[in-house]
Amino acid sequence: MATLTIERSSDHVIEFGLNRPDKLNAFNLEMLRELGEAMTAYEEDDTLRCAVLFAHGKSFTAGLDLAEVGPAVASGEPLFPQGGVDPLGLGRRRSKPLVMAVHGWCLTIGIELCLAADIRVAAPDTRFGQIEINRGIFPFGGATLRWPAQSGWGDAMRWLLTGDKLGAEEAHRIGLIQELAADPHARATELAQTIASRAPLGVQATLRNAWLAAEKGPQAASDALLEEAQALMKSEDAAEGMKSFVERREAKFSGK
């Protein structure tokens, strides 16, 4: 059985489902590889505009299957296919948006995938834990970089340094989660459909500039604004956006 399900929910939205429910979707090497391959295919398919990552079974993920993944990390083996998109955003980064839906347990790499995603929706009973420190290691998938930046130093260190578990309401309060929903998968798909209906070039420019600000500072992002805007103003989608405004109808964007 594949460790990842892949399904188009519309012409422009792709959904990836973690599929080791009997193991609480713990990531083994196969699942890591399949997720990297799926993200790369999404990135390289011009017809796709947004992706959703969710999980089958009772929990999003119990984290890494350390019995298998631990020795690979210790030996320096890459966890994702080389040259492909890194789902954790530490190597090659996707240029298109990702919405995540989590429920049940969301541990270790689950949190780091959330932090690397763009919008996160959780069930109210979701439990989170960055528990590597309890196992004699530390988070090596981006949590030390992104959690302080997204939640503030104190709120990040409260959970990174203790390995304690936190609930969905606290995760929402500190910005780890953007929305709580009884059916997070359905809500994430709804958000993805909305994003996919917007101008793809504008969506990608928004992500690109925001990432530039996060990594190189506000001035670098500010310096890039006018050039990005000028390129977009010359696009077919910008013309369609103006025409739809004048005609008082929904725009139909082509990504050109």
Side-chain angles (χ1 to χ4, degrees), residues 4 6 12-18 27 29 31-54 60-61 64 69 73 76-102 106 108-121 130 139-151 156 175-178 188 191-192 195-196 198-225 227-229 231-232 255:
L4 191 75
I6 302 174
H12 300 302
V13 175
I14 191 90
E15 299 195 24
F16 308 126
L18 304 183
F27 277 80
L29 293 174
M31 181 182 279
L32 291 166
R33 175 183 57 78
E34 289 189 352
L35 182 59
E37 290 174 346
M39 289 287 187
T40 302
Y42 161 54
E43 175 69 14
E44 296 175 352
D45 187 335
D46 291 339
T47 67
L48 292 171
R49 300 179 182 179
C50 195
V52 174
L53 178 59
F54 71 102
F60 182 74
T61 183
L64 291 174
V69 177
V73 172
E77 181 180 341
L79 298 183
F80 303 107
Q82 291 183 302
V85 169
D86 180 347
L88 294 170
L90 301 176
R92 178 185 171 189
R93 174 184 283 148
R94 58 184 163 75
S95 64
K96 296 184 285 188
L98 174 68
V99 184
M100 276 183 59
V102 298
C106 183
T108 64
I109 191 175
I111 292 178
E112 291 177 307
L113 286 168
C114 282
L115 291 167
D118 303 301
I119 302 173
R120 291 86 71 166
V121 183
Q130 199 75 62
F140 55 91
T144 55
L145 287 66
R146 297 193 178 99
W147 209 342
Q150 295 184 26
S151 296
L176 176 60
I177 294 299
Q178 280 65 65
L191 288 167
I195 293 168
R198 307 311 188 211
L201 297 179
V203 167
Q204 292 171 36
T206 300
L207 285 176
R208 189 162 53 244
N209 196 259
W211 282 328
L212 183 62
E215 293 182 350
K216 296 189 177 180
Q219 189 59 54
S222 177
D223 291 343
L225 288 173
E227 184 178 354
E228 289 274 21
L232 289 175

Heavy-atom closest contact ([X] atom, [Y] atom, distance):
X    : Y    : answer
R146 : G89  : NH2-O, 3.1 Å
P97  : I195 : CG-CG2, 3.7 Å
V52  : A192 : CG2-CB, 3.5 Å
A188 : A101 : CB-CB, 3.8 Å

When you compare the side chain of [Y] with that of [X], does any pair of heavy atoms fall below 4.5 Å?
X    : Y    : value
V13  : L48  : no
M100 : F60  : yes
F140 : E112 : no
D223 : Q219 : yes
F27  : T61  : yes

Full working for side chain to side chain contact (heavy atoms under 4.5 Å, CB included) between T108 and Q130: CA-CA 5 Å; T108 64; Q130 199 75 62; 4.2 Å; yes
Within the side chain of [X], is there an N or O that forms a donor-acceptor pair under 3.5 Å with the backbone of [Y]?
X    : Y    : answer
N209 : A221 : yes
S222 : P218 : no
R120 : I111 : no
R93  : L90  : no
D118 : V99  : no
T40  : V85  : yes
Q178 : I119 : no
H12  : C50  : no

Quick one: [atom1] on [X] to [atom2] on [Y], what's the gap to the nearest 0.5 Å?
X    : Y    : atom1 : atom2 : answer
K96  : D46  : NZ    : CG    : 6.5 Å
L32  : F80  : CG    : CZ    : 5.0 Å
F16  : E37  : CZ    : CD    : 11.5 Å
L35  : L53  : CG    : CG    : 6.0 Å
C114 : Q150 : SG    : CD    : 9.5 Å
I14  : T47  : CD1   : OG1   : 8.5 Å

Please name all residues satisfying side chain to side chain donor-acceptor pair (under 3.5 Å) with E43, sequence neighbours left out, ordered by chain then number.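 By the side chain to side chain donor-acceptor pair (under 3.5 Å) rule, E43 matches S95.
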Worked check of side chain to side chain contact (heavy atoms under 4.5 Å, CB included) between I6 and E34: CA-CA 10 Å; I6 302 174; E34 289 189 352; over 6 Å; no
Anything under 3.5 Å between a donor and an acceptor, one on a side chain of residues 199-207, the other on a protein residue two or more places apart or in another chain? List them.
from	atom 1	to	atom 2	distance (Å)
T206	OG1	G202	O	2.8

Is the shortest side-chain N to carboxylate O distance from E44 to R94 below 4.0 Å?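 No.
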For a side chain to side chain contact (heavy atoms under 4.5 Å, CB included) check, start with the C-alpha distance between L88 and L113, then their side-chain angles and the critical distance, and finish with the verdict. CA-CA 6 Å; L88 294 170; L113 286 168; 3.7 Å; yes
Chi angles and distances behind the side chain to side chain contact (heavy atoms under 4.5 Å, CB included) call for L79, V69: CA-CA 8 Å; L79 298 183; V69 177; 3.9 Å; yes
